[in-house]
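Okay, so here's the structure we're looking at.
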Amino acid sequence: MLTSHKTLVSFFLLVWLVALSGCGDTTHAPEEKYVLVASNVKLPYWQEAGAGLLKAAAQLGVKAEVVGPDSYDPQAQAEEFRRALGQRMKPTGILVSAADPALMQPEINAAVAQGIPVITIDADSPSSQRMLFVGTDNIKAGMMGARVLAKELGGRGGVVVYTMPGQANLAERMDGYREVLAGYPQIKILEVVDIKGDARIAFDRTMQIVEKGSPNPDAFVCLEAIACPEVAEVLDRRKITGKVVVAMDTDERTLEWIQKGRITATIGQKPYTMAFVGLKLLDDLHHNKPANLTANFARDPFSPLATFVDTGAAMVNKDNVAEFLSAREAATSR
C-alpha cells in the first residue's frame, strides 16, 4: 500500500513537472527591454518607481528604463511614449502612468496594435486597450484621508482642497473624500483649487487665503503630491498653527513637514511596488502572450489577466515617519 501511494505521488509530480515545462518560454533574450513612461521624472515618486522597475529587471535579467518629461506635461508624455515606440528596437512591453487618459488612449492602442503589451500604473486609461491597471485603489485612498481629516477636525470645519481636474485618479480620490464626509455634515469644502500641475499656484493661492482670511479654512487637503508642501511652507512662514493638513504621497518635503508638525499626515502610495509588479506582469505577458492582445479581458469570465491589481496605500504621520524613511532607504539602495 505504501509503495502504491509513493507511485501515485510520483505520477502526479511527473504530470505537474510536464505541465510546468509547457507554461511558456521564460528564457530572456538580450534584446528584451521594458520601458516605464512616467508623467514627471523629476518627482521622487517616479524615482521610487524607477527603483522598483530596475529591481524587477535585475531579477529577471532584462533591460529597463524610465522616460518622461521633467515636469507635469501630458502632451510631452505622449510624445515620449511615441518616441519609445518608434525606436528601432521596440520595447518588449510598456508601463505608463496616463497623465491625460484620453490623450494617451490612441498611443496605447497603437502600441498594442503592434503586439506590444501595455500596462497602466498609478493613473489609468480605462478606455484604452491597455492590458490591466496596477496601482492604488484611489477611492479607498480618498476615504483613508477623509477619515483622518474628520478625526482631526472633530467632525466640523471648513476645508480647502487642491487637485487637478481631468485626472481620473484624483477624481476618484475626491469621490472617496466625499463619500466619507457625507457622514459629517458639519465639515464643508469651501474651495477646490486647480493647481494645473504647478506648485507655485498652490503656494500663491494659499498665501492669498491666509492673508485675506477668505475663505477661512480649518484644514487643507491635497489630492496630489506637490501642493501640500507649499501649503505647509505658507503656514510656517506666517506662523499659523492649528490647521489640519492631509497630503498625498511621500516626497521628501512632505515627510520633512510631517516631522516638523506642519503636515498632519499623508497617504503614501507604493510606486516602487507598482513598477516592480508591473514589469513582472509584462514579462509574463511577453513569454505567455494571449492569442489576442485586444480582447476585452475585463468582461471575460475566464480571463488570464486581472483587471486591476491594488498595490495598496499606507498612512504616514509623525508616529511612523522615521520607520517609513528607514524602509524606503533599504528598498531603494539595493
Item checked: Whether S326 side chain and A322 backbone form a donor-acceptor pair below 3.5 Å -> yes
Item checked: Ion pair check, D198 and R200, cut-off under 4.0 Å -> yes
Margin query: Just so I know, are the side chains of I189 and M174 near enough to count as touching, which here means a heavy-atom distance under 4.5 Å?
Written below: yes
Next item on the list: Check for a donor-acceptor pair, side chain of R328 on one end and backbone N or O of T250 on the other, with a separation under 3.5 Å.
Entry: yes
Item checked: Closest contact, heavy atoms only, P271 versus E48 -> CG-OE1, 3.7 Å
Note to self: Checking the side chain of T273 only, and the main-chain atoms of T311 only, is there a donor and an acceptor separated by less than 3.5 Å?
What the structure shows: no
Note to self: Quick test of your reading of the model: are E233 and R237 salt-bridged, counting only N-O distances below 4.0 Å?
What the structure shows: yes
Notebook entry, point to check: What pairs of residues pass the salt bridge (charged side-chain N to carboxylate O under 4.0 Å, His left out) test when at least one of them lies in residues 103-112, not counting sequence neighbours?
Noted result: R82-E107
Checklist line | Pair E256 + R253: basic N to acidic O under 4.0 Å | finding: no
Margin query: Given 3.5 Å as the limit, does a donor-acceptor pair link the side chain of N320 with the main chain of N317, or not?
Written below: yes
Check: Looking only at side chains, do D73 and S71 share a donor and an acceptor under 3.5 Å apart?
Finding: no
Notebook entry, point to check: Within a strict 4.5 Å, meaning less than it, do heavy atoms of the P69 and E80 side chains meet?
Noted result: yes
Would you list the atom pairs, donor with acceptor, under 3.5 Å between side chains in residues 153-164 and any protein atom, with sequence neighbours excluded?
| residue | atom | partner | partner atom | Å |
| --- | --- | --- | --- | --- |
| Y162 | OH | T206 | OG1 | 2.6 |

Notebook entry, point to check: Do the side chains of V245 and L235 get nearer than 4.5 Å, heavy atoms only?
Noted result: yes
Next item on the list: Using the test side chain to side chain donor-acceptor pair (under 3.5 Å), find all partners of Q87 that sit at least two apart in sequence or belong to another chain.
Entry: K33
Note to self: I need the Q129 CD to F297 CZ distance, nearest 0.5 Å.
What the structure shows: 10.5 Å
Checklist line | Pair listing, ring-ring contact (aromatic ring centres under 6.0 Å, His included) test, anchored in residues 92-142, at least two apart | finding: F133-F308
Notebook entry, point to check: Does a side-chain heavy-atom distance below 4.5 Å link E224 with M248?
Noted result: no
Notebook entry, point to check: Are any of the side-chain heavy atoms of V244 and D218 separated by less than 4.5 Å?
Noted result: no
Next item on the list: Please check if the side chain of Q47 supplies one atom and the backbone of K42 the other of a donor-acceptor pair under 3.5 Å.
Entry: yes
Donor-acceptor pairs are to be reported for all side-chain atoms of residues 112-124 against protein atoms at under 3.5 Å, with residues two or more places apart or in another chain.
| residue | atom | partner | partner atom | Å |
| --- | --- | --- | --- | --- |
| Q114 | OE1 | K90 | NZ | 3.4 |
| T120 | OG1 | D124 | OD1 | 2.7 |
| T120 | OG1 | L132 | O | 3.4 |
| D122 | OD1 | Y45 | OH | 2.6 |
| D122 | OD2 | S97 | OG | 2.9 |
| D124 | OD1 | R130 | NE | 2.8 |
| D124 | OD2 | R130 | NH2 | 2.7 |

Notebook entry, point to check: Counting N and O atoms only, with roles assigned by atom type, does the side chain of E32 sit under 3.5 Å from a partner on the main chain of A29, one being a donor and the other an acceptor?
Noted result: yes
Item checked: Whether T266 side chain and V316 backbone form a donor-acceptor pair below 3.5 Å -> no
Check: Checking side chain to side chain contact (heavy atoms under 4.5 Å, CB included) for the pair L53/F276: CA distance, chi angles, key distance, verdict?
Finding: CA-CA 5 Å; L53 185 83; F276 182 92; over 6 Å; no
Notebook entry, point to check: Which value, rounded to the nearest 0.5 Å, describes the distance between L285 atom CG and K280 atom NZ?
Noted result: 14.5 Å
Check: Are L85 and L103 joined in one hydrophobic group, where the rule is that I, L, V, M, F, W and Y side chains link up if heavy atoms are under 4.5 Å apart?
Finding: no
Checklist line | Test item: H28 side-chain N/O and L60 main-chain N/O as donor-acceptor pair under 3.5 Å | finding: yes
Note to self: Please determine whether side chain to side chain contact (heavy atoms under 4.5 Å, CB included) holds for the pair T254 and D251, giving the CA-CA distance in whole Å, both sets of side-chain angles, and the decisive distance to 0.1 Å.
What the structure shows: CA-CA 5 Å; T254 296; D251 70 84; 3.0 Å; yes
Note to self: Just checking K140: does its NZ atom have more than 12 heavy atoms from other residues, nucleotides or ligands closer to it than 6.0 angstrom?
What the structure shows: no
Next item on the list: Just do the side chain to side chain contact (heavy atoms under 4.5 Å, CB included) check on I187 and Y177 with the steps written out, would you?
Entry: CA-CA 11 Å; I187 297 179; Y177 267 93; over 6 Å; no
Next item on the list: Check for a donor-acceptor pair, side chain of S125 on one end and backbone N or O of P101 on the other, with a separation under 3.5 Å.
Entry: yes
Margin query: Side chains of T136 and Q269: any donor to acceptor distance under 3.5 Å?
Written below: yes
Margin query: According to side chain to side chain donor-acceptor pair (under 3.5 Å), who are the partners of K151, at least two apart in sequence or on a separate chain?
Written below: none
Next item on the list: Carefully, step by step, assess V134 and L281 under the rule side chain to side chain contact (heavy atoms under 4.5 Å, CB included).
Entry: CA-CA 10 Å; V134 178; L281 287 169; 3.8 Å; yes
Item checked: R173 side chain to L223 backbone, donor-acceptor under 3.5 Å -> yes
Next item on the list: Taking the side chain as every heavy atom from C-beta outward, state whether F203 and V234 have any pair of such atoms under 4.5 Å apart.
Entry: yes
Check: Got a sec: does the CD of E179 have more than 12 other heavy atoms crowding it under 6.0 Å?
Finding: no
